[in-house]
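First listed ligand is number 1; within each ligand, the first listed atom is number 1. Numbers here simply count residues along the sequence, with the first being 1. All heavy atoms count here, side chains included; hydrogens, waters and symmetry mates do not.
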Amino acid sequence: MAPRGGFSSRIGFIAAAAGSAVGLGNIWGFPFEVGEGGGAAFVVIYLMFCFILCFPVMATEIAIGRKTQKNPVGAFTALGYKNWNWVGKLGILAGILILSFYNVIAGWAFGYIFEMAAGHFGGGEQFGAYTLKIFKVGGYGLAFMATTALVVSRGISGGIEKAAKMLMPTLVVMMLGMVIYSLTLPNAMDGIRFYLVPDFSKINAGVVYNAMGQAFFSLSLGMGALITYGSYVNKKENIVSAAALITLADVGIAVIAGLMIFPLIGFMSGGTMEGAAGGPGLIFVTLPTIFGTLGSIGPLVGTLFFVLLCFAALTSTVSLLEVPVAYAVDELKIRRSRAVWIVAGIIFVIGIPSLLGFGYSDFFSTAFTTYKEGGTDTDFLSFIASVANDSILPLGGCMIAFFAAHVWKKHNLDDELAEGSPNYKGSFVQKYLNFAISYLAPFVLGVVFVLTVLFKFFGISLF
Ligand code: PHE
């Protein structure tokens, strides 16, 4: 059998895993969730979830992957628990669903590079008309999926690692440049205040579920993406410190995205922060309107912004595609180069209803219902996002943690985490991780899963 390949260095693995985590979730999702969740109070809850709950789950996923050197389905089987591999299958399903709609948004962002360069800053009306041009946006989506497939087809060190090592540092530099620029605008500080000074009266159950879902999605957890990347990591790697760095990088980029966007909203709203709760349209509607007010520098700033959004999205779509591809390669014994294009093609087709749900098809725009604070969502993309991000990911995370602690057993997890980390055993981190994986994560994630499903799909709110 051909060797499975792997990351060639520690930094390559961290760049790729951080690249998976950093994506639309940070730059598009996080600011709009902060805006809808009332600002800084959301940020505080989000940070708590990331470090207290998500970081241990991340270390566990990577450990399972490295131990077994397998995709999420094969991993459970390799540990001797074939009857648990449905968790892996659920993860692969989530990955396919997420990539199907994620690619639609990434395709829009890709097209917006050209819209911005051409100085088209028409806000909501323009965005509405843009999403209706099905062949145009479909073409951008297809181009994005093909780019993703190209990277994945080159394999782990030659494709995924190389792309991430180049794209991630560029992303950080571009974002910092944008932050400095945003902070110089009038009323920038009103944006910062909204973003960083918490008002805890704004917290309710819905905000807490969203913070949880956002943390999981943003850190690429609960579906085996990090089991898969972990399977390409060598035994010398210190998993715990890598997971900590990846979490920090992801949170750091989300925080920077906020520093970039809220001052812009402060500037545009004259300090009232009206428009901060712009929802998913924040990036495609509010920001271009702001770029339009910047005069001659507008097209440049706008183009840069969407280029960096595409960079961030690409390292995430690559990891999303790698999960079903690794499954096809390991379990179905399909050649990587072939598996990549078949899987990418299928997922593109699955994404078509998401593409059509922005007014082009009445059915896909209105026939689906999920409940949210103060109303309902109706289009297919939002529906699928609720199914995958808000439901399957927490369930997957709950099952992975429960499995690792109580089925595979804590001491086996400890042994794997101690490889490459000689001081791990007996440390405080070990004790905390054990507690989090055995009790905290299964319980909190299980409860959040049940409450979210009741609320989002049945409109039943227990709190
Ligand atoms: N974490 C990515 C983002 O924030 C999305 C993602 C989710 C990627 C799950 C892989 C797995 O954009």
Against Met223, only a single residue in Leu97, Ile92, Ile98, Ile392 fulfils side-chain contact (heavy atoms from CB on, under 4.5 Å); can you say which? Ile98
Enumerate the pairs of nitrogen or oxygen atoms, one from ligand 1 and one from the protein, separated by less than 3.5 angstrom; state names and distance to 0.1 Å.
| residue | atom | partner | partner atom | Å |
| --- | --- | --- | --- | --- |
| ligand 1 | 1 (N) | Ser20 | O | 3.2 |
| ligand 1 | 1 (N) | Ala21 | O | 2.9 |
| ligand 1 | 1 (N) | Phe217 | O | 2.8 |
| ligand 1 | 1 (N) | Ser218 | O | 3.0 |
| ligand 1 | 1 (N) | Ser220 | OG | 3.0 |
| ligand 1 | 4 (O) | Ala21 | O | 3.0 |
| ligand 1 | 4 (O) | Gly25 | N | 3.3 |
| ligand 1 | 4 (O) | Asn26 | OD1 | 3.4 |
| ligand 1 | 12 (O) | Leu24 | N | 3.1 |
| ligand 1 | 12 (O) | Gly25 | N | 2.8 |
| ligand 1 | 12 (O) | Tyr102 | OH | 2.4 |

Among Tyr112, Phe121, Phe305, exactly one meets side-chain contact (heavy atoms from CB on, under 4.5 Å) together with Leu287. Which residue is that? Phe305
Here the gap from Met58 atom CE to Asp250 atom CG, rounded to the nearest 0.5 Å, amounts to 7.0 Å
Can you tell me how far the CD1 atom of Ile256 sits from the CE atom of Met178, to the nearest 0.5 Å? 12.5 Å
Could you grab the distance from atom CH2 of Trp108 to atom SG of Cys310, nearest 0.5 Å is fine? 13.0 Å
List in chain and number order the residues that pass salt bridge (Lys or Arg N to Asp or Glu O under 4.0 Å) with Lys133, two or more places apart in sequence or in another chain; answer none if no residue qualifies. none
